[in-house]
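Just so it is clear, the values below take in all heavy atoms, side chains as well, and ignore hydrogens, waters and symmetry mates. For ligands, and for the atoms within them, numbers begin at 1 and follow the listed sequence.
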Amino acid sequence: MNDIDNTNDIDNNGAIAAEPWRIREAAFDPARAFLHETLFTLGNGYIGMRGTPDEGTREGGGQTLEGTYLNGFYDTEAIRYPENAYGLARVNEFMLNVPNAKRVAAVVDGERFSLDGGRVLAWERTLDLKTGLLVRTVEWETATGKRLRIASRRLVCCARKHVAAIEYAVTPLNFSGPVRIDADIDAAVTNLQAGDDPRVGSALTGPSLIETRRDVGAHDVLLLQRTRHSGFALATATASVPSGAAARVAPAGLGHVFEADVAQGATFTLHKYVAYASSRDMAIDAVGPHARAELAQARAAGFEALAREQAGYLARFWTDADVSIAGDDALQQGVRFNQFHLLQSVGRDGKTNIAAKGVTGEGYEGHYFWDTEIYVFPFFLFSRPEIARALLQYRYNGLPKARERARQMAHAKGALYPWRTIAGEECSAYFPAGTAQYHINADVAYSIRLYLLATGDFDFMAAQGAEIVLETARIWTGIGGYDRKGRFCINEVTGPDEYTALVNNNYYTNAMARMHMTFAADVAERLRAERPDDYARVAHAIGLSDDEIRAWRAASAAMFLPYDDDLGIHEQDDSFLSKKPWDFANTPQENYPLLLNYHPLVIYRHQVCKQADVVLALLLLSNQFSEGDKRRDFDFYEGVTTHDSSLSSCIFSIVASEIGYRDKAYAYFMETARLDLDNTHANTQYGVHTAAMAGTWLGVAYGFAGMRLDDAGLRFAPTLPDQWTGYRFNVQVRGALLEVAVDGAGTGYRLLRGERLAFAHGGTPIALDAQRAHIRMENK
Ligand code: BGC
């Protein structure tokens with residue numbers, strides 16, 4: 001197409017070219033279509049629109065998923081167990097595929113543009129990470145030889161939660177005559193049905209959205225539906241505005257048909273504005289009026305203004321969040337693509353969170369996991385702290401359900417967060433790798449601790465944070481106890497590694513529980529000293545006694561942390577080292593991931609890990625380990641880890657950096673950075689991997705730049721991978737914005753915002769302020 005500037009980079013099989021700020025394909029390749037729908041998804045933390053063609057998915061050939069999602073908008077289905085047990089999760093919440101309101105199609109002589117008919121003469125599709133626009137330009141010849149250019153631009157407004165917009169421009173290239181544009185809502189979409197892969201699809205018993213009303217006006221449509229089980233109302237609204245030629249308009253189904261006589265070379269354009277609103281955010285009878293009001297405002301602003309607003313929003317985002325890497329375009333693209341998708345996926349309203357697949361697909365059913373707190377949270381904390389705060393607000397809102405769940409699990413006090421959920425209900429139907437992952441409580445507490453360290457926001461602690469930390473800490477004294485040797489033990493849990501389940505004294509869980517209980521006691525004491533009224537309110541509300549605080553200190557001090565003296569490593573749990581090693585040499589490549597090829601019991605009986613477990617503790621609790629410990633643990637666990645989970649490689653990369661394994665650090669980082677762009681886990685078609693995407697940021701900041709923030713303060717220990725000439729990123733800490741720029745000669749630190757920031761570089765203390773806003777240091 002006209003605007004291809006470096007054609008050499010383009011593989012005309014439809015592969016994505018390596019460009020730092022764009023995701024671009026120069027041909028339509030049916031074999032890649034399903035995957036690229038995910039990659040080209042647009043979202044704003046609420047609406048997610050897969051990058052399917054404007055005209056709708058193809059009739060013939062190739063798998064596809066016409067998916068539009070609203071973060072946190074779900075229906076429920078009862079979970080049915082052929083063999084029942086007390087306390088199993090009862091209800092599954094799953095993110096709904098909502099009506100496709102973006103559908104627009106050109107029609108000439110009754111022939112509708114489709115990739116299945118006529119001839120595609122040229123095709124280009126570009127996701128521009130700076131403007132947030134998805135631009136598709138296609139030249140098409142009808143069966144009767146008429147040629148058209150169709151240029152479409154699509155955006156999902158970052159600054160307007162409920163709104164998306166499409167521009168669809170049709171130009172006849174070799175004829176003059178009538179051109180039709182059909183614009184409607186496709187309400188016949190459904191969710192994927194569960195198949196053999198436990199990571200994909202829901203078990204549905206029927207359609208989830210039931211129409212309650214439709215209004216088709218002169219140019220606009222309002223469709224009202226309600227969900228079958230969860231009882232929510234949904235409004236989907238569109239307004240279509242033709243321009244460029246005098247158009248005749250007629251209603252058709254849930255939309256309109258626009259027709260104009262267009263001269264050769266002239267352009268007939270339709271702007272379609274889309275709004276979604278649901279009763280998760282407002283009263284049931286407000287959803288229709290709200291969607292219409294949002295639509296009216298968007299339409300009054302016009303497409304160009306929305307596009308400018310979007311570019312402005314993203315410019316601010318990139319100023320704070322961009323990680324730039326010199327010397328490798330493909331990698332740079334991967335890193336930015338990941339950051340862009342995190343922004344697109346993250347809920348920012350305190351009622352929603354970030355799903356394992358964001359709003360790009362139905363893998364893991366739109367559920368939120370610990371992925372948020374341990375992987376995604378730091379990225380937002382250090383780039384957009386207000387989003388991090390909203391993620392904590394989400395957990396605060398989930399406390400009542402977490403308390404209920406704790407009672408179901410026989411805990412007299414406290415709150416237990418669900419392993420996977422949308423609105424707070426435990427949705428894990430497989431408890432050994434679900435509910436048993438009690439570490440979720442400590443993960444949430446860890447993120448609150450990091451939030452406090454990074455922002456100093458004790459108001460949040462007084463208002464919400466303390467209550468979360470204290471209520472969740474109670475679970476440890478509930479499930480743990482002292483053994484005959486006086487050690488505090490935690491039995492029958494599953495750690496992060498899902499290839500090992502229901503064990504005693506999982507190292508990660510015990511170490512994180514210790515951190516959690518110590519933090520809870522510290523928070524309680526600080527609150528009592530500094531804000532006695534708040535302390536009295538919280539303590540009264542949850543019935544907290546001084547005995548409990550003492551019990552947390554005692555349990556922390558006596559916490560059992562398994563260690564094997566012979567091997568000099570931390571044992572993943574009491575039984576891990578006595579299990580049979582997995583026979584990696586005789587495991588064919590096609591048997592990975594193991595979870596799709598072996599019964600869980602077979603896996604559990606072996607010394608084999610899906611993902612970082614002890615190695616994750618080495619990172620999160622970094623200052624509790626010697627370098628020798630880190631090296632021995634890394635060496636051992638690397639040998640038994642499959643990295644079948646996308647949450648694994650980034651953690652190994654960071655720890656490898658820290659212990660000086662430069663090549664491994666780089667190799668693991670590369671596995672993470674382009675995981676979705678290159679579809680290395682072979683399931684990105686069902687959605688991106690948001691934890692791994694955030695793991696890329698962690699790999700740069702925590703990994704290569706050696707950043708840590710803990711009680712000892714903020715510090716860096718930068719190294720430069722041999723393959724790069726430099727890299728640069730910003731972090732926001734305590735209201736200051738710091739630029740960290742690493743090159744072959746050293747590291748430059750620049751205070752971009754804020755009055756003062758103190759930190760350390762490789763052990764040397766530094767303080768920057770208005771007088772001295774920049775310093776260069778040599779890398780160690
Ligand atoms: C991982 C979990 C993770 C989940 C969702 C699983 O494959 O083992 O740690 O929380 O995916 O991303």
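Protein heavy atom closest to atom 10 (O) of ligand 1, with residue, atom name and distance, is D371 OD1, 2.7 Å. Looking only at protein heavy atoms, the nearest one to atom 2 (C) of ligand 1 is E498 OE2, 3.5 Å.
Annotation: cation-pi geometry satisfied between R395 and Y417 (NZ/CZ under 6.0 angstrom from ring centroid, within 45° of ring axis). Geometrically, K161 engages Y46 in a cation-pi contact, judged by NZ or CZ lying under 6.0 Å from the ring centre and within 45° of the ring axis.
In the vicinity of Y364, heavy-atom distances shorter than 4.0 Å reach the ligand 1 atoms 5 (C), 6 (C), 7 (O), 11 (O). Residue-ligand proximity, W370 to ligand 1, at heavy-atom distances under 4.0 Å covers atoms 2 (C), 3 (C), 9 (O), 10 (O).
Under the 3.5 Å distance criterion, with hydrogens and angles disregarded, a donor-acceptor pair is assigned to the side chains of Y661 and D635.
With L127 as reference, L42 is the one residue of L39, L42, T41 to meet the side-chain contact (heavy atoms from CB on, under 4.5 Å) rule. Considering T642, D644, T494 as possible partners of Y499, the one that fulfils the side-chain hydrogen bond (donor to acceptor under 3.5 Å, both in side chains) test is D644.
For ligand 1, the polar-atom distance check finds no N/O of W419 at less than 3.5 Å from any of the ligand's N/O atoms.
Under 4.0 angstrom from ligand 1, the non-hydrogen atoms of K610 all belong to its side chain. Looking at Q611 against ligand 1, only its side chain comes within 4.0 Å, counting heavy atoms.
Scanning for side-chain hydrogen bond (donor to acceptor under 3.5 Å, both in side chains) contacts around S208 gives D75, with sequence neighbours left out.
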